[in-house]
A.B. asks: 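Below is a structure I'd like to ask you about.
We use all heavy atoms of the structure for the numbers below, so side chains are in, but hydrogens, waters and symmetry mates are not.
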Amino acid sequence: MFVPVIVFFILFKYMPMGGLVIAFKDYNFADGVFGSPWHGIGQFKTLFSNPQTLQIIRNTFVLSVLSLLIGFPFPVMLAIMLNEARRAWFKRLVQTLVYLPHFLSWIIVSGMVVTIFSTQGVINDLFAGWLGEPFAFLYKDGSWLSIFIGSGIWKGMGWGAIIYLAALSSIDPSLYEAASMDGASKWRQIFHITLPGIAPTIVIVFILSVGNVMEVGFDQVYTLQNSAVFEISEVISTYAYKIGLQQLQFSLTAAMGLFESIIGLVLVVMTNTVARRFGQGLW
């Protein structure tokens, strides 16, 4: 049963790593990946000599870190609230509603966001009397950033809560019964039983999430960005699309992707090292 998983990772995760060699070449279609002339670290020099590159890396890091720090607790809190729900029909209803956004594509979600927050959208219609004039939510850096993070949380927190619900099911119910008999309130039970019980899962998920801190989802950014917020919305994934696919500079974007992967690896190792000091490391 595990063979398809192994084959998937070999074909789509490990074998494509051979293509990273074009980051050190002047790639062209005629000569192919291994026949193209070597260019050494020239692509990296070109990449980091461009002042826009540092801004793109900064935007990627800022958006990812904010999404991680602000969004990470929401699946945990949602799982705990669902775990505390005692009416089965209510629990199933809420689970269905919060899982549903995960199955919507970012094209649909972005269309909903634009419909709600555009200058002629629902929010501006509701608060037209208070604001006096339409507020450009999607064209100002601060409000665009809030919408970006909020839409990501709304779409992903239900699906992210599944793993925590599974971890909660492994906690011995007798611990709650004993705590209740000792007079512990629900808050104390959550802080002294629930959170310690799922702490290893939280740490593992956090470590894995840190590894993706330089990978902002292309779909979300590309469908929400516009020229007015280009200074904060242009990230590595959109840059790779525009330079790599539209301008056919594959070697340059491969160099950017390799740099992104190295940073992710370093962050995972650092985070795991810190977690191991508290006995919660991934390896």
Side-chain angles (χ1 to χ4, degrees), residues 61-104 109 112-113 116-117 123 126 142-143 145-213 217 220 267-268 270-283:
F61 186 78
V62 169
L63 290 180
S64 293
V65 170
L66 288 178
S67 297
L68 177 62
L69 295 181
I70 297 175
F72 188 82
F74 280 86
V76 179
M77 293 187 293
L78 177 61
I80 293 174
M81 287 189 290
L82 289 173
N83 186 63
E84 293 296 327
R86 290 293 172 260
R87 296 187 180 275
W89 66 267
F90 177 76
K91 186 175 182 178
R92 289 195 298 267
L93 175 63
V94 173
Q95 283 180 308
T96 302
L97 292 176
V98 297
Y99 291 170
L100 183 62
H102 172 78
F103 299 99
L104 301 177
V109 174
M112 296 169 61
V113 169
I116 295 172
F117 291 101
I123 299 297
L126 289 175
S143 55
L145 186 59
S146 300
I147 292 171
F148 174 85
I149 296 174
S151 61
I153 293 173
W154 176 77
K155 189 176 187 298
M157 69 176 180
W159 187 257
I162 292 177
I163 189 171
Y164 299 113
L165 286 171
L168 286 168
S169 65
S170 64
I171 299 177
D172 189 353
S174 63
L175 295 175
Y176 293 103
E177 296 174 1
S180 179
M181 293 179 63
D182 288 340
S185 63
K186 281 294 181 182
W187 283 108
R188 286 191 173 275
Q189 292 178 32
I190 290 173
F191 280 105
H192 296 287
I193 299 176
T194 304
L195 288 177
I198 63 174
T201 304
I202 294 175
V203 172
I204 291 173
V205 174
F206 183 76
I207 292 173
L208 296 176
S209 300
V210 169
N212 298 322
V213 79
Q220 182 184 9
L267 290 174
V268 166
M270 291 175 57
T271 307
N272 186 71
T273 302
V274 174
R276 285 179 59 187
R277 295 182 178 274
F278 297 93
Q280 299 291 344
L282 182 59
W283 69 84

A.B. asks: For residues Pro75 and Gly71, report the shortest heavy-atom separation together with the two atoms involved.
C.D. replies: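 The answer is CD-O, 3.1 Å.
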
A.B. asks: Minimum heavy-atom separation for Lys91 to Asn83, with atom names?
C.D. replies: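 That closest heavy-atom pairing would be NZ-CA, 4.3 Å.
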
A.B. asks: Would you say the side-chain atoms of Ser151 and Gln220 include a donor-acceptor pair closer than 3.5 Å?
C.D. replies: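 Gln220 and Ser151 do have a side-chain donor-acceptor pair below 3.5 Å.
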
A.B. asks: Between CE of Met181 and OG of Ser174, what distance do you get to the nearest 0.5 Å?
C.D. replies: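 Separation between the atoms: 11.5 Å.
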
A.B. asks: Side chain to side chain contact (heavy atoms under 4.5 Å, CB included), that's the test. Do Leu63 and Leu145 meet it? Break it down for me.
C.D. replies: CA-CA 8 Å; Leu63 290 180; Leu145 186 59; 3.1 Å; yes

A.B. asks: Does a sphere of radius 6.0 Å around OH in Tyr99 hold more than 12 heavy atoms from other residues, nucleotides or ligands, not counting ones at 6.0 Å or beyond?
C.D. replies: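 Buried by this count: over 12 neighbours within 6.0 Å.
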
A.B. asks: Decide yes or no for Trp159 and Pro101: does some side-chain heavy atom of the first lie under 4.5 Å from some side-chain heavy atom of the second?
C.D. replies: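 With C-beta onward as the side chain, the pair stays apart.
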
A.B. asks: Find out whether Tyr164 and Val205 are in side-chain contact, i.e. whether some heavy atom of one side chain is under 4.5 Å from a heavy atom of the other.
C.D. replies: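 Yes, their side chains come closer than 4.5 Å.
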
A.B. asks: Is it the case that over 12 heavy atoms from other parts of the model lie below 6.0 angstrom from the CZ atom of Phe206?
C.D. replies: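 Atom CZ in Phe206 is not packed in, count stays at 12 or less.
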
A.B. asks: To the nearest 0.5 Å, what is the distance between NZ on Lys155 and CG on Leu100?
C.D. replies: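 Answer rounded to 0.5 Å: 10.0 Å.
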
A.B. asks: Please assess Leu165 against Leu78 for the test side chain to side chain contact (heavy atoms under 4.5 Å, CB included), listing each intermediate value before the final yes or no.
C.D. replies: CA-CA 9 Å; Leu165 286 171; Leu78 177 61; over 6 Å; no

A.B. asks: For a quick test of reading the model, state the closest non-hydrogen atom pair linking Ser209 to Phe72 and the distance between them.
C.D. replies: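 The answer is OG-CE1, 4.2 Å.
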
A.B. asks: Where do Arg86 and Lys186 come nearest, in terms of heavy atoms and distance?
C.D. replies: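 The pair with the smallest heavy-atom distance is NH2-NZ, 3.5 Å.
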
A.B. asks: For Ile163, look at atom CD1 and say whether over 12 heavy atoms of other residues, nucleotides or ligands are found less than 6.0 Å away.
C.D. replies: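 No - once you tally the heavy atoms of other residues, nucleotides and ligands closer than 6.0 Å, there are 12 at most.
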
A.B. asks: Could you give the distance from CH2 (Trp154) to NE2 (His102), rounded to the nearest 0.5 Å?
C.D. replies: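 Rounded to the nearest 0.5 Å, the CH2-NE2 separation comes out at 12.5 Å.
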
A.B. asks: Could you tell me whether the side chain of Ile190 reaches within less than 4.5 Å of the side chain of Glu84, counting heavy atoms only?
C.D. replies: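 They are in side-chain contact.
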
A.B. asks: Can you tell if the side chain of Ile171 reaches within under 4.5 Å of the side chain of Ile198, non-hydrogen atoms only?
C.D. replies: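 Of all side-chain heavy-atom pairs linking Ile198 with Ile171, at least one is under 4.5 Å.
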
A.B. asks: Is the backbone N or O of Arg92 less than 3.5 Å from a side-chain atom of Thr96, with the two atoms forming a donor-acceptor pair by type?
C.D. replies: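 Yes: the side chain of Thr96 pairs with the backbone of Arg92.
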
A.B. asks: Restricting to non-hydrogen atoms, name the atom on Leu168 and the atom on Ala79 that form the minimum distance, rounded to 0.1 Å.
C.D. replies: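 Result for this residue pair: CD1-O, 3.5 Å.
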
A.B. asks: Which pair of heavy atoms, one from Ala184 and one from Gln189, lies closest together, and at what distance?
C.D. replies: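 Smallest heavy-atom distance, with atoms named: O-NE2, 3.1 Å.
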
A.B. asks: Does Met77 CE have over 12 foreign heavy atoms under 6.0 Å away?
C.D. replies: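 Atom CE in Met77 is packed in, count exceeds 12.
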
A.B. asks: Enter the distance from Asp172:CG to Glu177:CD here, rounded to the nearest 0.5 Å.
C.D. replies: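 Rounded to the nearest 0.5 Å, the CG-CD separation comes to 8.0 Å.
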
A.B. asks: Can you find a pair of side-chain heavy atoms, one from Leu195 and one from Ile80, that are under 4.5 Å apart?
C.D. replies: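 Yes, side chains in contact.
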
